[in-house]
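The structure appears below as structure tokens.
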Amino acid sequence: MPGSRRLLARLRDVMAGSGSPQERLDDIVTTIAMDFVAEVCSVYLLRAGEVLELFAATGLSRGAIHTTRLSIGEGLIGAIASQARPMVLEDAQTHPAFVYRPETGEEIFHSLAGVPVLRGGRVTGVLAVQNQTRRHYTDDEVETLETIAMVVAELIAGGGLISPDERQAVDGAALLPATLEGIRLNGGLAMGQAVFHEHQVPITKLVADEPRAEISRLKQSMAEMHGAIDAMLEASDVVNGGEHRDILETYRMFAEDAGWLARITEAINTGLTAEAAVEKVRNDTRARFRKQTDPYFRELLHDFNDLANRLLHHLVQPTSDTAAKDLPSDLILFARNMGPAELMDYDRTRLRALVLEGGSATTHVAIVARALDIPVVGRVSDALDRVEELDTVIVDGDTASIYIRPAEDTRNTYADMLSAWNQRKAAYTTLRDVPAQTKDGTRIALDINAGLVADMQQMEETGADGVGLYRTEIPFMNSADFPDVDRQAKIYKRVIDAAAGKPVTFRTLDIGGDKNLPYWRTGTEENPAMGWRAIRVALDRPMLMRHQFRALIRAAEGQELRLMFPMITEVSEFDDARNLLDLELSRAERRGRPLPKKLSVGTMLEVPALSFQLPVLLKRVDFISVGSNDLFQFLFASDRGSPHLADRYDSLAPAALFFLRHLVDNCAQTNTPLALCGEIAGRPLEAMALIGIGFRRLSMSPSSIGPVKTMIRSLSADELTRYIDSLSDHAEHSFREKLRQFAVDHGVMI
Ligand code: PEP
Ligand code: MG
């Protein structure tokens with residue numbers, strides 16, 4: 001339809017012109033009116049307080065501009081805004097919603113075609129044409145108006161028509177403040193602007209001269225996208241069917257939906273670029289489905305959104321430069337789910353909080369986020385649909401609440417919340433030098449889990465006894481390629497130095513599972529958590545492991561070296577790893593390098609099978625550290641990352657506690673030091689239970705040291721042990737409630 005393209009090309013010139021935004025808007029309405037042979041063309045903009053104000057018009061009395069105001073839902077214009085749909089009427093005055101505004105002088109006009117001005121799936125104004133006669137506007141004309149509305153939306157977004165403050169207020173009004181709830185994955189408080197991990201593609205070019213070229217770009221990108229979805233479907237982890245495969249199949253059907261393609265093609269034919277056309281169709285769909293609460297439709301909308309985003313990524317390749325440049329300085333990251341390495345790609349100095357639609361306390365991304373000391377809230381359903389990019393967001397990790405577009409008073413209380421949070425932190429700081437000792441005199445060693453050199457500062461701040469788990473894979477994830485021996489040795493040495501004589505337990509590389517290195521793909525597996533990961537990779541790639549040992553030995557020259565292996569499943573694996581270590585020790589010796597002053601070699605216990613070889617294992621190891629995150633997922637056959645299972649089995653279930661107690665008893669018999677470094681160690685109630693069954697060393701994220709120490713100092717360990725013993729023949733799902741009651745009754749500060 002060449003007419004609309006001509007019009008769009010003219011509007012593009014207007015947009016590129018030098019006038020003020022208001023002058024350009026005036027030009028736009030005049031140009032449209034002429035092209036449409038309409039007596040009236042008007043643009044209403046949404047202002048603060050849910051009011052639509054007439055901003056530009058031809059054919060209406062001039063005095064009405066900036067005077068006529070309608071609320072959302074009021075009159076035909078208000079109805080278009082509230083329904084986010086076009087309205088076409090041959091005789092507007094007989095429509096029940098018609099309201100007469102004398103200042104506009106519009107009683108002589110009969111017909112009206114109006115469309116919402118949409119941006120980011122929300123209404124920001126209304127564009128309308130009117131004629132004196134009873135005119136029939138064709139579908140093509142309405143389509144053209146919708147396309148022009150995109151240009152108007154750009155002009156509004158470009159600023160200068162209403163002040164940025166008001167625009168923010170308008171955005172807030174168009175989508176009211178909302179509070180979302182999830183589960184606490186890490187405490188803390190932060191305010192910033194929402195950024196989607198699946199970065200939205202910026203569309204810089206709206207108008208195209210050559211629709212044919214745009215359609216061929218669209219087709220090519222569609223084909224690429226279908227290819228990518230097919231590849232996803234063929235990936236080994238979905239090939240065997242199941243619900244997720246059905247979902248993906250439906251998704252692919254959706255991607256091939258003829259109606260979707262037709263709507264995008266139609267929009268291109270009106271003169272938009274392929275990417276602007278995809279965005280336009282997405283905007284229309286989002287605006288129309290916005291109020292839908294039916295979960296089926298919300299899922300559909302989800303898929304649609306996702307597909308549009310994918311397609312846009314194929315159409316427009318944003319340079320990493322633009323991606324980085326656009327990030328706000330206070331960044332609240334929203335993701336459906338993400339891997340820990342992806343989180344590390346973000347600039348730490350800007351990252352303030354993480355919000356996940358999925359996730360559980362032990363997903364690695366949550367663990368890494370904890371290492372970064374930012375609040376994390378998981379399992380926030382619909383988070384990505386409820387928030388818009390760059391919305392202001394407050395994340396309260398402690399209560400697992402997310403305040404989106406917070407109202408003025410909430411923003412004000414943020415300051416109070418922050419100071420209360422800081423006070424709490426300060427109170428924990430005062431505990432720094434007091435011992436973690438129970439009321440009945442049992443000393444508990446508290447270590448921190450770390451993975452970044454920067455974490456080491458927290459040792460000093462928390463007064464921890466050492467580093468119970470240094471996850472060496474984190475520096476690997478934070479790197480562009482495999483760090484060589486020199487680079488590794490430097491990192492490990494900095495860690496040892498920063499610990500200033502306190503023990504650091506290095507865990508050898510635990511990659512695979514959900515911890516993939518961007519530069520080393522191990523291939524997809526059906527069950528990556530139970531797949532080729534951790535020590536299994538290391539034993540199959542012995543040089544990888546030997547280089548790490550070499551670096552550790554070098555870093556610990558003349559000092560104590562403590563190391564342990566992840567995912568040891570049977571004693572022979574421990575022996576194999578230990579042999580590789582011995583080879584490296586001999587190599588260092590042969591070369592006359594100073595060796596570590598003392599060597600302690602232990603293992604993580606995170607695969608249940610290993611506990612059935614305790615008698616032989618205990619003869620070999622210097623210590624054991626329980627990795628309860630993995631251990632429980634294998635013990636309960638329950639994926640640690642699955643949001644569906646996050647509450648299914650409890651870490652305070654009888655099986656979990658009695659499994660651990662069996663371990664404690666065995667280690668006690670041989671005097672083998674035993675610690676626990678999974679996430680439960682950092683939760684006061686769980687930590688209390690662990691002490692009750694006999695653990696005397698716990699390792700946790702640094703922010704948990706204060707709360708756990710507070711709990712310990714209010715606890716009488718013997719009393720608790722007796723109480724837990726009395727529960728041996730109980731068969732309930734979990735002891736959580738009983739233990740909580742114990743804490744309340746005995747004044748234990750959980
Ligand atoms: C664990 O599994 O409990 C553990 C500490 O290791 P990670 O969380 O790194 O797998
Ligand atoms: Mg583990």
Side-chain angles (χ1 to χ4, degrees), residues 185-186 339-341 343-344 359-372 376 378 446-452 455 466-478 504-517 522 527-538 562-569 573-574 577 602-611 623-642 646 649 651 656 659-660 663 674-683 686-687 690 695 697-702 704:
L185 299 186
N186 197 32
L343 183 67
M344 308 290 285
S360 67
T362 56
T363 40
H364 282 115
V365 68
I367 291 174
V368 171
R370 228 167 277 146
L372 300 178
V376 186
L446 299 184
D447 292 333
I448 60 164
N449 292 346
L452 296 164
D455 291 335
V467 177
L469 165 66
Y470 187 87
R471 291 184 165 99
T472 59
E473 60 277 5
I474 292 186
F476 279 68
M477 290 194 246
N478 213 2
V504 178
T505 306
F506 289 96
R507 177 177 72 184
T508 60
L509 210 51
D510 184 6
I511 47 172
D514 68 347
K515 289 187 273 197
N516 285 315
L517 305 178
T522 50
N527 288 304
M530 296 196 283
W532 195 50
R533 57 173 285 206
I535 198 69
R536 301 164 183 186
V537 173
R562 290 175 61 82
L563 51 87
M564 62 181 176
F565 309 120
M567 285 286 285
I568 294 283
T569 306
E573 285 174 340
F574 177 84
T603 183
M604 299 217 31
L605 195 144
E606 42 188 356
V607 182
L610 191 61
S611 70
F623 62 91
I624 289 180
S625 185
V626 177
S628 52
N629 305 337
D630 274 314
L631 177 67
F632 288 172
Q633 77 168 338
F634 301 132
L635 198 62
F636 292 115
S638 165
D639 183 345
R640 69 193 253 184
S642 165
Y649 303 103
S651 44
F659 182 100
L660 293 176
L663 199 61
L674 175 69
L676 186 142
C677 61
E679 295 307 305
I680 55 168
R683 293 191 220 133
E686 280 85 337
L690 292 171
F695 276 88
R697 179 172 283 272
L698 300 173
S699 190
M700 62 201 71
S701 59
S704 295

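All values reported here derive from a predicted model rather than from experimental measurement. Order of appearance sets the numbers: ligands from 1, and atoms from 1 within every ligand.
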Ser701-Asn449 side chain donor-acceptor pair, cut-off 3.5 Å: no
What is the minimum heavy-atom distance between [X] and [Y], and which atoms define it?
X      : Y      : result
Cys677 : Ser625 : SG-OG, 3.3 Å
Gly468 : Met564 : O-CE, 3.6 Å
Phe695 : Ala675 : CE2-O, 3.7 Å

Heavy-atom nearest neighbour in the protein, as seen from atom 7 (P) of ligand 1, with distance rounded to 0.1 Å: His364 NE2, 3.4 Å
Protein contact to atom 6 (O) of ligand 1 [nearest heavy atom, distance to 0.1 Å]: Arg507 NH1, 2.8 Å
Go through ligand 1 atom by atom and flag the ones less than 4.0 Å from a non-hydrogen atom of [X].
X      : value
Gly678 : 3 (O)
Cys677 : 5 (C)
Gly627 : 1 (C), 2 (O), 3 (O)
Leu469 : 5 (C)

For ligand 1, does [X] get within less than 4.0 Å through its side chain, its backbone, both, or neither, judged by non-hydrogen atoms?
X      : result
Asn449 : neither
Gln633 : neither
Asp510 : side chain

Separation of Thr505 OG1 from Arg471 CZ (nearest 0.5 Å): 13.0 Å
Heavy-atom donor-acceptor pair, Ser699 side chain to Leu676 backbone, under 3.5 Å: no
Between Phe565 and Phe574, ring centroids under 6.0 Å: yes
Single hit among Leu605, Leu663, Leu660 for side-chain contact (heavy atoms from CB on, under 4.5 Å) with Leu674: Leu663
Carboxylate-amine/guanidinium proximity below 4.0 Å for Arg536 and Asp510: no
Within less than 2.8 Å of the Mg ion (ligand 2): protein N, O or S atom count: 2
Pro475 vs Tyr470 side-chain heavy atoms within contact, under 4.5 Å: yes
Min N/O separation Arg471 to ligand 1 under 3.5 Å: yes
Salt bridge (charged side-chain N to carboxylate O under 4.0 Å, His left out) against Glu606, all qualifying residues, sequence neighbours excluded: none
